[in-house]
Amino acid sequence: FFRGNLATRQPDGLLADRRAGRIRSGVPDLVATLRNVPLRGGIVGHVYPGHEHRVIVALQGAGLSDEVADTDPGSNAVVQRRLAAAPTDESPAAHRTAAALEELLLQAERQLVDHPHNLARAAVGQFPANTIITRGASSTSQLPVSGGEDPPGALISGCGTALGVARALGYRPATSPAMTGNLDTDLEHKFQTARSLLDEHTLVVMHIKGTDIAAHDRQPLLKRDFLEQVDKALGTFLQGDIPRPLRLVVSADHGTSSNTGNHLADPVPLLLASWDGDAEPADFDEDAAQNGALGLLRAGDLAGILQGRSIDMDVVGP
């Protein structure tokens with residue numbers, strides 16, 4: 001499996017946009033013919049629609065490997081061009097997989113370039129989704145095994161990637177057309193859904209992606225405004241009819257720079273609190289996060305805290 005983007009390729013081979021203008025409609029139709037694509041060596045290729053410009057590229061067959069480099073050049077590449085699929089080790093399986101992926105991507109380009117939906121987009125000045133770039137090779141053997149029949153919790157999202165992770169982990173996925181996974185998502189509807197799910201589950205996770213979208217597009221003021229919307233919607237939710245006390249966690253899977261549009265490897269802020277309706281609001285900003293009591297947590301530590309396990313914390317601060 002590979003994570004993929006629909007992208008815009010110019011006649012000279014350069015990429016005009018790695019996200020095809022963040023295409024938001026017509027993607028299932030664009031990739032409908034890219035299922036069960038026969039490839040050399042008895043391999044079968046598939047392209048599945050994801051969220052907006054995102055797709056999943058899959059290869060099925062014997063003797064495959066996940067040791068395949070990205071064909072996505074990344075936003076920092078000096079030359080923005082789809083890279084040829086290449087193995088990352090010398091095994092026959094890696095070479096076989098890279099060759100199959102390259103064959104599938106070339107077939108996809110031939111089918112996408114003259115697709116009516118792309119011709120219509122180009123006619124009105126939008127980026128056509130005429131190529132696919134991939135990254136993050138993985139295999140089904142790396143998928144976690146869900147334990148037990150009862151879901152450990154629920155996840156609310158408008159993003160297919162997050163919902164897929166929820167299903168893989170055995171969580172109950174919750175979504176609706178009002179949840180877009182973008183800046184126009186219906187936050188009130190998300191919190192209403194969370195309230196309903198708390199009647200059935202002790203753990204409800206809400207995924208909000210708009211801040212990441214704004215930062216990727218290098219729009220810090222839009223990111224600020226969306227954060228204020230989230231803060232307001234959360235405040236309304238906490239003042240409503242909810243189970244009390246409620247343990248609340250606010251954090252992120254990563255940072256995204258509004259200056260570069262790229263993900264950041266820096267630590268992310270974390271808020272952990274018990275809400276009973278009478279507590280005085282506290283600051284949750286850069287200074288508060290830097291000097292907080294939790295300190296700098298490692299991967300897995302938060303889960304340990306929520307499960308009541310003791311951990312060694314590296315306290316940071318003045």
Kindly indicate whether the side chain of [X], heavy atoms from C-beta on, has any atom under 4.5 Å from the side chain of [Y].
X    : Y    : answer
R24  : T180 : yes
L163 : H51  : no
H254 : D212 : yes
L221 : R224 : yes
R81  : R9   : no
L272 : R247 : yes

For the pair [X] (side chain) and [Y] (backbone), establish whether a donor and an acceptor sit closer than 3.5 Å, ignoring hydrogens and angles.
X    : Y    : value
E102 : A85  : yes
H115 : N130 : no
R3   : R54  : no
N118 : L112 : yes
T256 : H216 : no
Q80  : G74  : yes
K190 : A178 : no
T175 : S157 : yes
R121 : A20  : yes
S251 : P269 : yes

Residues L264, S257; criterion side chain to side chain contact (heavy atoms under 4.5 Å, CB included); working and verdict | CA-CA 7 Å; L264 299 170; S257 170; 3.9 Å; yes
From [X] atom [atom1] to [Y] atom [atom2], the distance as rounded to the nearest 0.5 Å:
X    : Y    : atom1 : atom2 : answer
R167 : L155 : CZ    : CG    : 10.0 Å
H117 : D29  : NE2   : CG    : 7.5 Å
L105 : I132 : CG    : CD1   : 6.5 Å
S75  : R19  : OG    : CZ    : 7.0 Å
R18  : I133 : CZ    : CD1   : 5.0 Å
D231 : T236 : CG    : OG1   : 9.5 Å

How far apart are the closest heavy atoms of [X] and [Y], and which atoms are they?
X    : Y    : value
S176 : H189 : OG-NE2, 2.9 Å
T131 : E109 : OG1-OE2, 2.6 Å
P49  : V27  : CB-CG1, 3.9 Å
A100 : I43  : CB-CD1, 3.6 Å
V44  : N36  : CG1-CA, 3.5 Å
A16  : F127 : CB-CE2, 3.8 Å

If Ile, Leu, Val, Met, Phe, Trp and Tyr residues are connected whenever their side-chain heavy atoms lie under 4.5 Å apart, and connections chain through other members, are [X] and [Y] in the same group?
X    : Y    : answer
L34  : I23  : yes
I56  : V47  : no
I305 : L270 : yes
V57  : L83  : no
L59  : Y48  : no

Might you confirm whether atom CD of Q10 has over 12 heavy atoms from other residues, nucleotides or ligands at distances under 6.0 Å?
-> yes
Under 6.0 Å from the CD atom of E228, do we count more than 12 heavy atoms belonging to anything else shown?
-> yes
List the steps and the verdict of side chain to side chain contact (heavy atoms under 4.5 Å, CB included) for D17 and H53.
-> CA-CA 11 Å; D17 192 279; H53 58 277; over 6 Å; no
N5 and D72: side-chain donor and acceptor closer than 3.5 Å?
-> no
Might you work through the side chain to side chain contact (heavy atoms under 4.5 Å, CB included) test for F2 and V68, ending with a clear yes or no?
-> CA-CA 9 Å; F2 304 84; V68 178; 4.0 Å; yes
Evaluate the criterion salt bridge (charged side-chain N to carboxylate O under 4.0 Å, His left out) for residue pair D199 and R195; output intermediate values, then yes/no.
-> CA-CA 7 Å; D199 289 334; R195 174 62 190 91; 2.9 Å; yes
Would E103 and V37 count as a side chain to side chain contact (heavy atoms under 4.5 Å, CB included) if you check the C-alpha gap in whole Å, the side-chain angles of each, and the deciding distance to 0.1 Å?
-> CA-CA 10 Å; E103 183 182 358; V37 179; over 6 Å; no
Quick one: hydrophobic cluster around L248, which other residues, with the 4.5 Å side-chain cut-off, linked directly or via members?
-> I156, M179, L183, L187, F191, L197, L198, V204, M206, I208, I213, L222, F226, V230, L234, F237, L238, I242, L246, V250, L271, W275, F284
